[in-house]
**Q** 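Below are the structure tokens for one structure; questions will follow.
Every heavy atom of this structure was used, including side-chain atoms; hydrogens, water molecules and symmetry mates were not. Order of the sequence lines fixes the chain letters, A, B, ..., with proteins taken first and strands second; residue numbering starts at 1 for each chain.
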Amino acid sequence: MSEKQFQDQKIVLIDGHSILNRAFYGLPDLTNAEGLHTNAVYGFLNILFKILDEEKPEFLTVAFDVHAPTFRHEMYEEYKGTRKPMAEELREQVPLMKDVLKAMGIRLIEKAGLEADDLIGTLSRRCEEAGMDVVVLSGDRDLLQLATKKVKIRIPKTKGGRTEVEDYLAADVKEKYQVTPQEFIDVKALMGDTSDNIPGVPSIGEKTATKIIVEYQTIENAYAHVEEIKPPRASKALKEHYDMARMSKELATINVHADFPYEVEEGRIGNLFTKEAYEWFQRLQFKNLLGKFEIQVPANAIEDRFRTVTDPAEAQAVLGRAASAKTVGIALEKNRENMLPLFSMGSEITGAAFAFSHDGKEEVVSILVGGTLTAEALLKQISALTESRAEISMFDVKQDMKNFRVCRPENVFDVHVAAYLLNPLKSSYEPNDVAREYLDLTIDGKLSEEKKRCYEAYTMYQGAAILREKLQESGMEALFDEIEMPLVFALFDMEQAGVKVEARELKAYGEELGVQIEKLETEIFELAGEEFNINSPKQLGAVLFEHLQLPHGKKTKTGYSTAADILEKLAPDYPIVSKILEYRQIAKLKSTYADGLAHFIQDDNRIYGTFHQTVTATGRISSTEPNLQNIPIRMELGRQIRKVFVPKEGFQFVDADYSQIELRILAHCSDDEALIQAYREAKDIHRTTASQVFHTPFEEVTDLQRRNAKAVNFGIVYGISSFGLSQDLSITRKEAAEYIDRYFETYPGVKKYLDGEVAFAKEHGYVTTMFGRRRPVPELSSSNFMQRSFGERVAMNSPIQGAAADIMKIAMIRVNRRLKEENLESRIVIQVHDELLVEAKNEEVEQVKAILKEEMEHAASLKVPLIADMSVGANWYEAK
DNA sequence: TTGTTCACG
DNA sequence: ACGTACGTGAACAAC
């Protein structure tokens, strides 16, 4: 190696086994489709890319021991005599790792008779002498002895799921361990290291070892002054075991003068993202990492068929052919970030891709706005296409409607919604996920925008047929066609309507809360005798349960629980606790509702929230930005906020909510005679249950008995457990179990039904609602008791909660349709699971009430009556 | 980002 | 012996 040839260039040296080991224990078990374990390889690559990104080195080499070492973790277990089975899952990833690194063209080094430590030590020394900057990556602190001014040791640590890296130059070692890297060896020689089979000197630990070396630098020098060493215990130990210390030092010293051939140039980093690497990443299903590849290896030849068109006449011709196709996949691109719904007409289309089959030939065309083709013209052409008889397949139709007002309910297929129905448990349904999962088409890598759009359109085109078939196979085609797709448009209308909010009154309400908060704060600090952040569970826990010594209840992972149910038990005895509860309540109202809602009020005094159709596991709708489904009602102070939700001038609110829809569904599905009878006779169901469960005449049921029975009824719907019920009612588990037993004696059909659902779920892996909606229950096959119990509760709850959601969706579609067909100006503005809020024109109120009642009560025909209660008011508070 | 708390059905 | 009621979303603190 010629002198200073590589001056100021940088090399990264990696301790292969050690990093692989770290990655393995830092990540949950991952396997690819073939069942290969991949977590260690995946973790290694992530750390590798992170380091390369930060260091930007010219050279890279990964060192391995020739024989896979017994991993540190296992040796420790062995030493403790509690050895666990060999981590075969890790062992099998070693050759895999090497293959992947080779595919990326990375220099590997391993030498019989030399440990990776020695290879790295020697290389780091040689490279430093060649004038290079050296970065050593290892999970092992032994390598700290290699640190110099130019050799940086980097040690990745997994901290709460994320990897952080500790960096050590020579000075950093000194700072942290009080000794130089060279002296670090001597410290270790004294203290020993069981995991590395370094004996050390008995009775000398880290503290004493460090003290001795700080004073004497080496064990040899320490031995020369052995009589002076304090404490006497250490002095004696060193005198007796000096040989051991010398031997330990030898063992602990990394050889930096090993003899093996190596040319720096061999480690030069080339293109890591080779075709071979891409294939490996695909096989191992590292889809996040595929994005790093510049080159796209086409999964098949479709990309060759992509075309880009910018000429208006040609665009017209393409869309003309599309209009006569059976199905057209469309992907639209807009210019600006999503606008507020009210002004969304301002979004401009910048391009669109279309995929379809014409005369037996597939076309995938990207049309670009610009030059002679205007946004307006393109949008017009697209509108004409959506008016044709072709089935239009898109992703997230509601969003495209907001941007461009395209599509008709009659001929549209929303891939997003279809993918959700097929598996409602996923957290996202990106077009690329759909392509990979259903079309076996991996779309990754850095692609031009046009190509991305082509792929998306192609996915929509192919996806429509494939997803439809899957929906049909799983009995959800009618649910999709008759409920979910029409609902897209009902939700769109609802979002467009928005809801009016009195901004000034909301502000006044918030200010009033602010005054109360300040007052409470002062009082709490007074009672606590100190000031602290009441919003911090950690600080609050410290004040209550440590400083003030209040009896604490259960603990959370991070400390004492300060949840309301714990504090409520203390409130009667400690005034500070009830003040805190009050503070919490009011602070929540101010931050989340008063201040939170104010953000969303537009210039027209309306709030336009988003209602999501593809979020919940059960089929319910969810609401965000803001969440309009959790506006306070239970407590009077919070309930006041509903007064700021108002209908516009000349309108009133009509609110309609289902009466106990879930219990009625339970009655229907379980076919339980007594429950059906009770509902048919329009009896007070909680009182009836109380009367039966507590063997008390109907007329003599006490309020407490009724309240308890109500909790049991709720519990049944949630998938009852005696523990849950006992918590809710503050009774013993035994008593709760008795309530449940008596409930099931009263309603044997319910017991049979719930058991049946669990059995079905165990056999098939999913449950369904009466409308065919599925929810997978993977937890049921878990070996973990907790998980499995959760699965059982889910199996009992989902068919009921899901059916209620289905029924409400049907009602919404029909109500919305009738409001429009009957040319009314009234609109649904909010849905809260079993409740619809309608902004109704004064003259239309009676008609709206009739429509709501009729459509809600007849949305499904059950064995018991379905009842919806109506109420009219000048704000949401009054209309409830 | 993750955990805790709490608002709703 | 385990440690829970079912389904959501937002604010805040702390890592």
**Q** Measure the distance from CG on Asn708(A) to P on dA5(C) and round it to the nearest whole Å.
**A** 19 Å
**Q** Taking any heavy-atom pair under 4.0 Å as a contact, classify Asn533(A): base, sugar-phosphate, or nothing.
**A** sugar-phosphate
**Q** Calculate, to the nearest 0.5 Å, the distance between atoms CZ and OG1 belonging to Arg775(A) and Thr616(A) respectively.
**A**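 Rounded to the nearest 0.5 Å, the CZ-OG1 separation comes to 8.5 Å.
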**Q** Within the modelled atom types, does a donor on one side and an acceptor on the other bring the side chain of Arg793(A) and the base of dT4(C) under 3.5 Å apart?
**A**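 Counting by modelled atom types and ignoring angles, a donor-acceptor contact under 3.5 Å is found here.
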**Q** Counting only distance, no hydrogens or angles, is the base of dG9(B) paired donor-acceptor with the side chain of Arg634(A) under 3.5 Å?
**A**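 It does, because a donor-acceptor pair links the side chain of Arg634(A) to the base of dG9(B) below 3.5 Å.
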**Q** Which is true for Asp834(A) with a 4.0 Å heavy-atom rule: it touches a base, it touches only sugar-phosphate, or it touches nothing?
**A** sugar-phosphate
**Q** Taking atom P in both dT5(B) and dT4(C), what distance in whole Å separates the two?
**A** 13 Å
**Q** Out of dA10(C), dG7(C), dT4(C), which nucleotide sits closest to the side chain of Lys588(A)?
**A** dA10(C)
**Q** Atom CZ of Phe645(A) to atom P of dC8(B): distance rounded to whole Å?
**A**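 The distance from CZ of Phe645(A) to P of dC8(B) comes to 13 Å, rounded to the nearest Å.
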**Q** Is the phosphate of dG7(C), meaning OP1 or OP2, less than 4.0 Å from a side-chain N or O of Arg775(A)?
**A**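 Indeed, a polar side-chain atom of Arg775(A) lies that close.
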**Q** Please measure how far the P atom in dA5(C) lies from the corresponding atom in dC6(B), and state the result in whole Å.
**A** 14 Å
**Q** Counting only side-chain nitrogens and oxygens, does Gln585(A) get under 4.0 Å of the OP1 or OP2 atom of dT5(B)?
**A** no
**Q** Give a yes/no answer on whether the side chain of Lys538(A) brings an N or O atom under 4.0 Å of OP1 or OP2 in dC12(C).
**A**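 Checking dC12(C) against Lys538(A), no side-chain N or O comes under 4.0 Å of OP1 or OP2.
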**Q** Quick one: Leu628(A) CG to dG9(B) C1', roughly how many Å, whole number?
**A**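 Taking atom C1' of dG9(B) as the reference, CG of Leu628(A) is at 14 Å.
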**Q** Hey, could you give me each pair passing ring-ring contact (aromatic ring centres under 6.0 Å, His included) that has a residue in residues 719-742 of chain A? Not counting sequence neighbours.
**A** Phe694(A)-Tyr739(A)
**Q** Under 4.0 Å, heavy atoms only, any strand: does Gln727(A) hit a base, just the sugar-phosphate, or nothing?
**A**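 If one applies the 4.0 Å heavy-atom cut-off, Gln727(A) turns out to touch nothing in the nucleic acid.
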**Q** Give one of base, sugar-phosphate or nothing for Gly715(A), where a contact means two heavy atoms less than 4.0 Å apart.
**A**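 Base, at least one base heavy atom under 4.0 Å.
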**Q** What's the closest nucleotide to the Arg584(A) side chain, out of dG9(B), dA11(C), dC6(B)?
**A** dC6(B)
**Q** Is there a side-chain polar atom (N or O) of Ser536(A) under 4.0 Å from OP1 or OP2 of dC12(C)?
**A**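 Checking Ser536(A) against dC12(C): no side-chain N or O falls below 4.0 Å of OP1 or OP2.
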**Q** Return the value, rounded to whole Å, for the distance between atom NZ of Lys880(A) and atom P of dC8(B).
**A**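 For the pair Lys880(A) NZ and dC8(B) P, the rounded distance is 12 Å.
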**Q** Which distance, rounded to the nearest 0.5 Å, do you find between the CD1 of Ile740(A) and the NZ of Lys751(A)?
**A**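 The distance works out to 9.5 Å.
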**Q** Please report the distance, rounded to the nearest Å, between CE in Met786(A) and C1' in dC6(C).
**A** 14 Å
**Q** Looking at the base of dT4(C), is there any donor atom on it, or on the side chain of Ser789(A), that sits under 3.5 Å from an acceptor on the other one?
**A** no
**Q** Touch check for Ile633(A), heavy atoms < 4.0 angstrom, all strands: base, sugar-phosphate only, or nothing?
**A**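 Answer is sugar-phosphate: Ile633(A) comes under 4.0 Å of backbone atoms only.
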**Q** Considering only heavy atoms and no angle criterion, is a donor-acceptor pair shorter than 3.5 Å present between the side chain of Gln629(A) and the base of dC8(B)?
**A**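 No pair found.
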**Q** Rounding to an integer number of Å, can you tell me how far Glu625(A) CD sits from dT8(C) P?
**A** 18 Å
**Q** Identify whether any heavy atom of Asn627(A) sits under 4.0 Å from a base atom; if not, whether one sits that close to sugar-phosphate; answer base, sugar-phosphate or nothing.
**A**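 Here Asn627(A) touches the backbone only, sparing every base.
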**Q** For Pro424(A) and for Thr592(A), find the nucleotide of DNA chain C with the closest heavy atom, then tell me which residue's nucleotide is more 5'.
**A**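 That would be Pro424(A).
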**Q** Using Watson-Crick or G-U wobble geometry with both distances below 3.5 Å, tell me the partner of dT8(C), or none.
**A**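 Its partner is dA7(B) (Watson-Crick or G-U wobble, both distances under 3.5 Å).
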**Q** In Å, rounded to the nearest 0.5 Å, how long is the span from CH2 of Trp876(A) to CD1 of Ile641(A)?
**A** 10.5 Å
**Q** What contact category does Ala805(A) fall into here, base, sugar-phosphate, or nothing, at under 4.0 angstrom with non-hydrogen atoms?
**A** nothing
**Q** Indicate, with a heavy-atom threshold strictly under 4.0 Å, whether Ala736(A) touches base, sugar-phosphate, or nothing.
**A**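 Counting heavy atoms under 4.0 Å across all strands, no contact is made by Ala736(A).
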**Q** Across the strands shown, which category fits Ser798(A) at heavy-atom distances under 4.0 angstrom: base, sugar-phosphate, nothing?
**A**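 Result for Ser798(A) = nothing.
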**Q** Under 4.0 Å between any heavy atoms, over every strand shown, what does Ala564(A) touch: base, sugar-phosphate, or nothing? Just pick one.
**A**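 It contacts sugar-phosphate atoms only.
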**Q** Could you measure the distance from the CG atom of Leu836(A) to the CE atom of Met494(A)? Nearest 0.5 Å is fine.
**A**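 Atom-to-atom, Leu836(A):CG and Met494(A):CE are 8.0 Å apart.
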**Q** Any side-chain N or O of Ser622(A) less than 4.0 Å from the OP1 or OP2 oxygen of dG7(C)?
**A**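 Checking dG7(C) against Ser622(A), no side-chain N or O comes under 4.0 Å of OP1 or OP2.
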**Q** CG/Leu675(A) to CG/Leu663(A) distance, rounded to the nearest 0.5 angstrom?
**A**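 Those atoms lie 7.0 Å apart.
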